[in-house]
Amino acid sequence: MTPNLTRRGFCTAMAGASAALALPVSASSPMPLTARTAKAQIAPPQYAMTDVWSYDGKIPGSILRLPQGGRMTRRLVNELPVPTSIHWHGIRIDNAMDGVAGLTQDAVPSGEIFDYDFTTPDAGTYWYHAHTNSMEQVARGLAGPLIVEEQDPPDVDRDEVILFDDWLLNPETAQFAEPFNHPMMLSHAGHIGNLLGANGTFDPVLPARRHERLRLRLINAANARIFDLRLHGLSGWTVALDGMPLESPEPVDGAITLAPAQRVDLIVDVIADTGEEAGLLHLANDDSWQVLVRMPVTGKAAAHTRAAPVALPPNPRMEVPGLDAAQRLEMTMEGGAMRGIISASYQGRDMGGRELMQNGQFWALAGQVGMTETPFARLNMGETVRLKLINNTVFAHAMHLHGMHFRQVRANGSLGPMRDTILSLPNQPLEIAFVADNPGKWLLHCHMLAHAASGMNTWIEVA
Ligand code: C2O
Ligand code: CU
């Protein structure tokens, strides 16, 4: 294959001439998605712009939209000074396109490219983010929304994506506080920011009209923060979790918990009066509810609010049958501050807590610290599996399975909603079940990314 280096391709693909030679760009090349440095005004205007790592210079990356069953082709062009890769979080994807450096592909070196090409079986709200040293790369800004549209979208006036984040900035310089792998963060709740916001700003504003009906697609892209959210001047329903439609819309009453990497789709009606401000509140550290997303209400969309929405059309393969005969697995989570690890296996060797700490490792899953040669479990294609997660730490963990969604098996045996990321709380064992219907090597890890980087990272294999 001869690279067809057109002049236009040359200019748009890369500014640096030497690096551009490595990048064949032809008329048939996929659209580039360029990972590169940029500056962004994340902090209030009296602060400097922040040096970020971005997709196409934007924080967050552009909203990628495609229809259900559609095909996404994107060329990652790595203009960062470090290797990177992209994970398409929540897509029941072809394993080779999952973007996990070291498991499903090699990290893409600086100055090189990788073509992602996959289909999207499920409609819903997803996101994409770096999956090479993600603890640092996601914190620096490498994340964006990925929206897969239903053939028959719900009847709403507007569809809005709100990607939440928090940033840990040095308050003097408005630059990212370093290092990203401070042992304090690794061993405690993770990399928690000191500036909260959404859609790349500390003060997200979404103008609305009275009685307008909106679909809000909430995404938590923060490294470790759990958002507790509440509607203000809005009334609404949860219609999907982690992309997957609920059987019937559930009225929002009280707080919406959004753990790292989780998504919630809401359909809301603006009930605040014209001239008032609706929005989303979040539970701050001092236990007060504070405005996070402002929705100034101007004008009127309709005389009345509408009738309750109907459920979104279900996605394929949402059943988890065969629970009784299912293989049962158990995974104990241990480690972290206040508990520690007595002994666990790291890189093939048993180590005590102290030695692990010296290696920057603080957590274990099923007695293993971080990635292993052999998977935590090998599953047969099509089998149903039940996995008990036992949280023997004093911290919350957002456990995420790649490639497949699962359902919680509640204490009474009933199944919870289908998700790809579930919040595990200290001393509250929970069980999930899924059909191993996607072949390949799939990560199972904590989405508190500092935890994943210091031990809470394992994988399963489906064949
Ligand atoms: Cu969104 Cu392995 O991650
Ligand atoms: Cu964790």
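As the structure lists them, so they are numbered: ligands from 1, and atoms in each ligand from 1. Here, residue 1 is the first one in the sequence, and each next residue gets the next number.
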Exercise. Which residues and atoms, protein N, O or S only, are under 2.8 Å from atom 2 (Cu) of ligand 1?
Worked result: His131 NE2, His402 NE2, His445 NE2
Exercise. Below 6.0 angstrom between ring centroids: does that apply to Trp363 and His397?
Worked result: yes
Problem set entry | Phe118 and Trp88 aromatic ring geometry - parallel, tilted or perpendicular at 30°/60° bounds |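 Tilted, since the angle between the ring planes falls between 30° and 60°.
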For this session: Anything under 30° is parallel, anything over 60° is perpendicular, the rest tilted; go ahead and classify Tyr128 against Tyr55.
Result: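 Rings of Tyr128 and Tyr55: tilted, 30 to 60°.
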For this session: Could you count the protein N, O or S atoms found under 2.8 Å away from the Cu ion (ligand 2)?
Result: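 Those protein atoms number 3 in total.
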Exercise. Does Arg317 pair with Asp122 as a salt bridge, N-O distance under 4.0 Å?
Worked result: no
Problem set entry | Check ion pair Arg65-Glu149 (N to O, under 4.0 angstrom) |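 Salt bridge: yes.
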For this session: Find out whether Leu425 and Leu430 are in side-chain contact, i.e. whether some heavy atom of one side chain is under 4.5 Å from a heavy atom of the other.
Result: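 No; the side chains remain at least 4.5 Å from each other.
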For this session: With the side chain counted from C-beta on, respond yes when Ile147 and Val161 share a heavy-atom pair under 4.5 Å apart, and no when they do not.
Result: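 In contact.
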For this session: Apply ring-ring contact (aromatic ring centres under 6.0 Å, His included) to His89 and list each qualifying residue two or more places apart in sequence or on a separate chain.
Result: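 His89: ring-ring contact (aromatic ring centres under 6.0 Å, His included) contacts with His87, Trp127, His129, His400, His447.
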For residues 350-359, dump all side-chain donor-acceptor pairs below 3.5 Å to protein atoms at least two apart in sequence or in another chain.
| unit_1 | atom_1 | unit_2 | atom_2 | d |
| --- | --- | --- | --- | --- |
| Glu355 | OE2 | Arg349 | NH2 | 2.7 |
| Asn359 | ND2 | Glu355 | O | 2.8 |

